[in-house]
Amino acid sequence: MIEKEFEFYKAEGYTDVFNYMKKNYLPFAGGTDVMIKVKEGYLRTSGLLYIGDMLELKGIEKKDNSIFIGAAEKLTDIIKNTIVKENFPGLIQAIELIGSLQIRNQATLGGNLANCSPVSDSMPILMALDAKIHIVSENNRKIIELKDFPKGVCQTALETGEIIEKLEIPIINSKNYQAYRKFAQRPEVSIQKCSTAVVFEYENDEITIKKAKIAIGAVAVRALRCEKAEQMLKGQKLSPELIEKVANMVSEESKPISDIRSTREYRQKMVGEGFREIALKSV
Amino acid sequence: MDEKRNIIRIDGYEKVTGRAKYCGDLYFDRMLYGKILRSKYAHAKILNINYEKALEIKGVHGVVTSWDVPGEKTIGAIRFDHFPFATDKALYSGDGIAAVACESEEICDRALEAINVEYEELPAIFDMFEAMKKESPIIKEEFDSNILTHYPLRKGNVEQGFKSSDLILEREFNTQFVEHAYIETEAVIAVPGEAKDCYEIYGSIQCPHSTRKGVARTMGVPLKNIRIIQANMGGAFGGKDDSMTILAVRACVLAKKTNRPVKVVYSREESIIDTYKRHPYNLKYKIGVSKDGKIQAMKVLMYADSGAYLSMTPFVTWRSVVQATGPYEVENVETDIYGIATNNPYTGAFRGFGSPQIIYAQESLMDEVAEKLGMDGVELRRINGYKQGSTTASCQKLEGHKVSLMEAMDKVIEKSDYFNKKEEFKIYNAKSERFKKGIGLSCSFRGCSLGAEGTDATGAIVSVQADGSIYILAGLAENGQGLKTTFSKIAADVFGIDVSNCSYLPQDTGFIADGGPTVASRSTLMGGSAVKLGAEIVRDRIKDSVKKTLEASSLDDIVFENGKVINIKNKKEIEFKKACEIAYFDGKNITAYGWYKAPDVYWDEEIGQGPAYFTYVYGSQIAELTVDTWTGKIFVDNAYAAHDVGNAINYTGTLGQIYGGVVQGMGYGLFEEVDVQDGFIKNTNLDEYFIPTVKDFGNIYPIVIENPDKYGPSGGKSLGEPTIELMSSAINNAVSNAMGKRFYKIPIDLETIVTGKQLKRKQKRGSEA
């Protein structure tokens, strides 16, 4: 229940954003996570700042071999976008599994990342896609690798006065395979027990793996890249033995706990299982 | 589906268009909002409650505790052991300590924080077996031990039976706490009446007359001073009975204190923390069979966790003892069930009422026994299953109704192609490493209505208007199950008119007699009979009035059909409307009270023998599923459900009950579990407590069997509960069929399949004890 009355302001542009953030207003776009925290009394801010309609944070465009997605783009709009669909089917797969249709109509990709929950469905696949985050503050702009963005449970690399402006995902020019596997009790309206995201980039022969990127979710305080497993796949062709070996490595690289959603044992097994499933489907 | 039998739900329009008001939608002038402060401990002495600071907050109009309850401090349907406000002790984490009435819910939250309660924590017990130890503290002072109830059943000589058995199998099963998860959470508004010490209570109340008893008792006023008006209900499944009485008492005490209407609506978290659950059972079955598959003896020992209060535990466990050996002829039976007090959330009525637990165990056991004998479970069930004239474990001869167990099994087997699928899956599974397919069956019998639990009678008013339209009001309540439509159809059929001519009046204890609770799948059977009797009284009065017009020599010649009243001898006819008008101007009372009392039943509590119920229903379900052995996912591709309903009066409603019950049964078997750790519930919302969505199952094939019963209205009997009780064992048997491995605990979650261990963590047995 809302403990106290909140001040609310709708930002019209960056000037508004930075002014109000100085007054300890919390910026939000979709509100699907923030509003629950407000209701449950977890947030200690003087007010809420709505940034969901700012043009600076909108738009999906292709430029310089990358695709840029505005932080305030709604998940449903991203799913429907043809450029995203053509280039990042793995991302679409992941976003379609977030919450329910109603949530996806309201929630934004920037918000999902900024909320930085260990059970975020967009984080692992975006990490595997080598996404970068464009951050803006009153006097500065910077770009950081998404894999360096999460710092802990709901903690990010964002510093005071900074917001996410957009996401940059490099287009993969070679043949590639992307997939996201979420493990949950239900296929719909469900928070993950754990997840595995995989991106394979192939050599010209279209079978030899030039680069493999594997990210796992909900098996640590933040989503992780499995670098050892990625290394193992480099320059290789997938074989049943290799898949088995890498699946085990992925499991070993996870550091899950047991909690209300699942057990350590199950999660550890499943992230490897997720890799195995995706790898088998890719060939 | 038979199109002619597809009738439109009479309260469908207002529900589909959103015009129907639920309790949360209601508003009264000067209304305040109430909220409950609950215990910090699972077991504690309450030393002091200081709420002066809360009263200083602007917008707080009153704080109440047990001291403010003007009458008796306790309520209870069976025994008065439940405190709506904890008086000296808190016995579980959901116990109410105090309540506040404020101008908004936000102010309520602040007020609750300002209340300071001093507790002395007491040793708590969370495990039934710990509770039964001699040295364990007694949780409920008014009982002499933590064993609250014990029902035995003795038939024949089990030792002898086991001696003459070729195979003896002993198995232990465990079931879990389950939440009703109705879509609408609990809501009540208590309104001080104009007359002295009178209150009107509006709410999402399953059994308005039961709630009235509790409120009158605690307010210290006669029953007539309390009027319970039922708002539209967003589901109950047995869960809005005594929990709603508790809430109504709390709201009413606040209304008295502030002399203003007070509305209390539980959040989902409060709903899960505060109200009762399905009983977790520990079941130990021992069965002896001869080589040819005849059951020689069964010994069943069961423990049910009652939690901190008695609630419905005696009745729930009694049904278990009557039906524990299943729909099978067994000469030698020894059954015992104990209801145990712990400091866990309390348990009570939930669709199925003591049957889903035992059927899960006994039907899983039957398949395993059959396997050991080298026969199919179906064959074993055919050998031992009830047939016409069979005798139950309590020596009741099954007669006077059609014993349709074999019919239900045959139909569900045929529809599902059970035996061919079994062969097909054997071939499939031999080839498939990851995915395994399985099919499993279960069957049951179920006593209709209350049985020997208590008085079983109910009434209904059928009021025909001068233009031929009709008001109906019955003593049993619409909780979403479709009772209004079924009752209207029963009345409409008596008058030979369309159901759309009927309107159902709001449930109000001031206008209709106490007809017992809306439970035990008794509405159609009992309430429907009362409606039919009422309608027949009015019909006969109308006949008398139109006798002259129709030139009938005998009233028996007059029939009501297709909107007309006809003299079958001379074919003279008039419109039904016209007949009503004639009766009206004839000065006839065309409103009547129908009253139906169930046939006598009897139970000897010492030895657990007697005719427990006056009639029974039979059913059988099959689950056909795929197990993903890599991830643990079990998906029920097809579910088949055959149920004898006597007569499907409301055919659409019949199908609805089957679909709903089957899916709820899947949730019970596969993933629903209230995770109680050290007396506190960990999954307090639906993001962590999983109920099935439409994406969680494949097809459901209902098979409606109709063998009219002499006691039911037009032969109709019970369906609501039988539909939920079979799926968990059908699934368990199908999983065994798929994996060649048996499980003895539900839910069979993903973790169980993959790691062999359930998700739920083992909790401490007790805090100190």
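Letters go in sequence order (proteins before strands), and every chain restarts at 1. These figures come from a predicted structure and were not determined experimentally. Values reported hereafter were calculated over all heavy atoms of this structure, with side chains retained and with hydrogens, waters and symmetry mates removed.
- Environment of CG in B/Leu55: crowded, with over 12 heavy atoms of neighbouring residues, nucleotides or ligands closer than 6.0 Å.
- Rounded to the nearest 0.5 Å, atoms CG (B/Leu759) and OG1 (A/Thr263) are 6.5 Å apart.
- No salt bridge links A/Arg264 with B/Glu751; every basic N to acidic carboxylate O contact stays at or beyond 4.0 Å.
- Annotation: side chain of A/Glu277 is in contact with side chain of B/Thr631 (closest heavy-atom distance under 4.5 Å).
- Proximity to chain A (any heavy atom under 4.5 Å) is shown, for B/Ile107, by neither the backbone nor the side chain.
- Contact of A/Arg267 with chain B is not made at all, since no heavy-atom distance falls under 4.5 Å.
- Residue B/Lys277 qualifies as enclosed at atom NZ: its count of foreign heavy atoms under 6.0 Å is above 12.
- Note on A/Gln185, A/Glu188, A/Met270, A/Lys193: by heavy-atom pairs under 4.5 Å with chain B, the leading option is A/Gln185.
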| said: Determine whether A/Phe183 and B/Lys633 satisfy the following criterion, side-chain contact (heavy atoms from CB on, under 4.5 Å), listing intermediate values before the conclusion. | reply: CA-CA 9 Å; A/Phe183 294 91; B/Lys633 180 76 193 162; over 6 Å; no
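- Using a 4.5 Å heavy-atom threshold, the side chains of A/Leu280 and B/Arg434 count as separate.
- Two residues are said to be in side-chain contact when any heavy atoms from C-beta on lie closer than 4.5 Å; A/Arg186 and B/Ile691 meet this criterion.
- Interatomic distance, CG of B/Asp687 versus CD1 of A/Ile36, reported as 8.5 Å (0.5 Å rounding).
- With values rounded to the nearest 0.5 angstrom, A/Ser190 atom OG is found 8.5 Å from B/Asp696 atom CG.
- Proximity to chain A (any heavy atom under 4.5 Å) is restricted, for B/Glu688, to the side chain, taken from C-beta onward.
- To the nearest 0.5 Å, the span separating CZ on B/Phe690 from CD1 on A/Ile191 amounts to 7.0 Å.
- A 4.5 Å side-chain heavy-atom check between A/Tyr266 and B/Lys757 finds every atom pair outside the cut-off.
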